[in-house]
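Keep in mind that the numbers below use all heavy atoms, side chains included, and drop hydrogens, waters and symmetry copies.
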There are 2 protein chains.
Amino acid sequence: MTVWDRPDPPARPAPLDRERIVAAAVELADEGGLPAVSLRKVAARLDAGPMRLYGYIATKEELFDLMVDAVHAEILPERSPGDWREALRGRAHRTRQATLRHEWLADLLGGRPALGPNALAVGESTLAAFDGLADIGTVQRAVETVSAYVTGAIRREIANLRAERATGLSTSDWQRASGPHLTRMLATGRYPALARLVHEGTEVDAEATFTTGLEWVLDAVAAKLAPPA
Amino acid sequence: MTVWDRPDPPARPAPLDRERIVAAAVELADEGGLPAVSLRKVAARLDAGPMRLYGYIATKEELFDLMVDAVHAEILPERSPGDWREALRGRAHRTRQATLRHEWLADLLGGRPALGPNALAVGESTLAAFDGLADIGTVQRAVETVSAYVTGAIRREIANLRAERATGLSTSDWQRASGPHLTRMLATGRYPALARLVHEGTEVDAEATFTTGLEWVLDAVAAKLAPPA
DNA sequence: GCTCATGTCGATACACTGTATCGACAGATG
DNA sequence: CATCTGTCGATACAGTGTATCGACATGAGC
């Protein structure tokens, strides 16, 4: 047997751990959205067989939970927020920014209870900013109301972004009846208020839209924390 | 050839139309969630081959769009809402009710622009209630802010419902650290505010939760429609 | 009536998915 | 050395969305 004929030694299995798995999955999702995340593909990124992933997760859904928690690390504040309003505002904006970096998060936001360490830390940081300000029920209502708004607003923004990308048109263009379907529907005369809105509405920057709605909801919370005498 | 040997005449293809397809898909989704909706299964419900569906839809995603629009028929108000607040409130509650009847709607809410006839009619009805009340931008902000809240709140409610169902525990029980994972996490002492909330929080009826948040957001809108002098 | 063109349909196929299963192999233990 | 245990990759299975193609029915024209 010459040295050229000698078979390679059995390769050691690639190192595998939860962090690597999640990072590979996030990478795939960032490239192609959630449909691009298959266990085979994740494993291939790690030079492993797909069944190895089952040592770390029981189902693909758990992998998605881990991915959501990983992104929550990007949502954690760098320092303690000053007050409750800053805490909620900051969290909302960081969530939006994280979602713009990882669009697939919009597909998962609010879909499952987020119980990972990073998500819990985000929740803790938010709650801590309300310390002593109101009864527990009001605090809970406040946090959940803002959080609900954030979830819904981000989903809509990403949905519009995708529609825009799919049609090659800008948001205002396709909203302004450039899409043949909506043009036809509005031409029926059955939706006069909608037609007026589409025709007269001005394009508002997505961030400004998000921020305005957020401030409105924060105002509502403020009114409940310090109810008028 | 005797009559017993005579083959049956070729069966006429089952009648197929968009409504039937959507109804079958909604039925399947109501029974098993979105994962239960496969084109094969939908077609089987209609005694057709799956490829026939492609005469009506281009992708499975379009089928989901049609399903969402079908449910919007249940969200349309039966009569003209009295005022803007009633319009938004009614729409929110009907959306929640529709989602409780069709849980899968929570998975699709806000995920794609809703442009079907029913969804447009819902939008039209809502906008009409603001007629003459404010400039178009403010109206749009108002409708979208409430809608964002509704989307997020419903998603959270359904997520909790599913978690409850998966663990066999009630919402407050599993939030109250009955789940081993959350128990362990809270026992670390890293989340004191969260622990306090879980420990001291009282169970609030899901509908009351939804309604309280909704009224807060509606209050915020009211403040913008009639700004203080 | 016959022929041809067109449209519809179902069967088959393909590439892919999540996940179950099993044999091979390495390492640890006695 | 023999046995046991754990890990791993290959294989398999059932299922998915969607492409493709042959069979068949129908309509139009002659």
Side-chain angles (χ1 to χ4, degrees), chain A residues 6-68 104 107-108 111-112 162 166, chain B residues 6-68 104 107-108 111-112 162 166:
Chain A
R6 185 174 301 276
D8 288 342
R12 186 165 332 163
L16 203 49
D17 60 50
R18 188 191 284 175
E19 258 197 41
R20 280 174 175 281
I21 292 168
V22 175
V26 166
E27 195 171 73
L28 281 165
D30 287 348
E31 289 165 14
L34 293 180
V37 183
S38 74
L39 296 195
R40 284 175 166 88
K41 287 208 200 98
V42 171
R45 286 255 158 139
L46 302 170
D47 294 315
M51 296 311 296
R52 263 179 88 189
L53 302 189
Y54 286 96
Y56 302 88
I57 58 175
T59 60
K60 187 179 179 185
E61 199 165 44
E62 285 189 10
L63 177 60
F64 284 169
D65 291 342
L66 292 177
M67 288 161 68
V68 168
W104 50 269
D107 298 316
L108 301 176
R112 302 250 296 167
R162 286 175 177 160
Chain B
R6 183 175 303 278
D8 288 343
R12 185 160 341 162
L16 203 48
D17 61 51
R18 187 191 283 176
E19 256 196 44
R20 281 173 175 278
I21 292 168
V22 174
V26 166
E27 196 172 72
L28 281 164
D30 287 347
E31 289 166 14
L34 293 179
V37 183
S38 74
L39 297 194
R40 284 176 166 86
K41 288 205 199 101
V42 172
R45 286 255 158 142
L46 302 171
D47 295 316
M51 297 311 297
R52 262 178 89 190
L53 301 189
Y54 287 96
Y56 300 88
I57 56 173
T59 61
K60 187 179 177 185
E61 197 163 45
E62 287 189 10
L63 177 60
F64 284 170
D65 291 341
L66 293 177
M67 287 162 68
V68 169
W104 49 269
D107 298 317
L108 301 177
R112 302 246 301 165
R162 287 176 177 160

Residue set satisfying side chain to side chain donor-acceptor pair (under 3.5 Å) with A:E62, at least two apart, ordered chain then number -> none

Would you call A:W104 and A:M67 a side-chain contact if the rule is heavy atoms closer than 4.5 Å? yes

Kindly indicate whether the side chain of A:I57, heavy atoms from C-beta on, has any atom under 4.5 Å from the side chain of A:I21. no

Could you tell me how far apart A:L53 (CG) and C:dA20 (C1') are, to the nearest whole angstrom? 15 Å

Separation of D:dG6 P from A:R52 CZ (nearest whole Å): 17 Å

Heavy-atom closest pair, residues B:A36 and B:L28: CB-O, 3.8 Å

Looking at every heavy atom in both B:E19 and B:D17, which two are closest together, and how far apart are they? N-OD1, 3.0 Å

Between protein and nucleotides 14-18 of chain D, what N or O pairs are separated by less than 3.5 Å?
from	atom 1	to	atom 2	distance (Å)
D:dT16	OP1	B:S38	OG	3.3
D:dT16	OP1	B:K41	NZ	3.1
D:dG17	OP1	B:K60	NZ	2.7
D:dG17	OP2	B:L39	N	2.9
D:dG17	N7	B:R40	NH1	2.6
D:dG17	O6	B:R40	NH2	2.9
D:dT18	OP2	B:Y54	OH	2.7
D:dT18	OP2	B:K60	N	3.1
D:dT18	O5'	B:Y54	OH	3.1
D:dT18	O4	B:R40	NH2	3.4

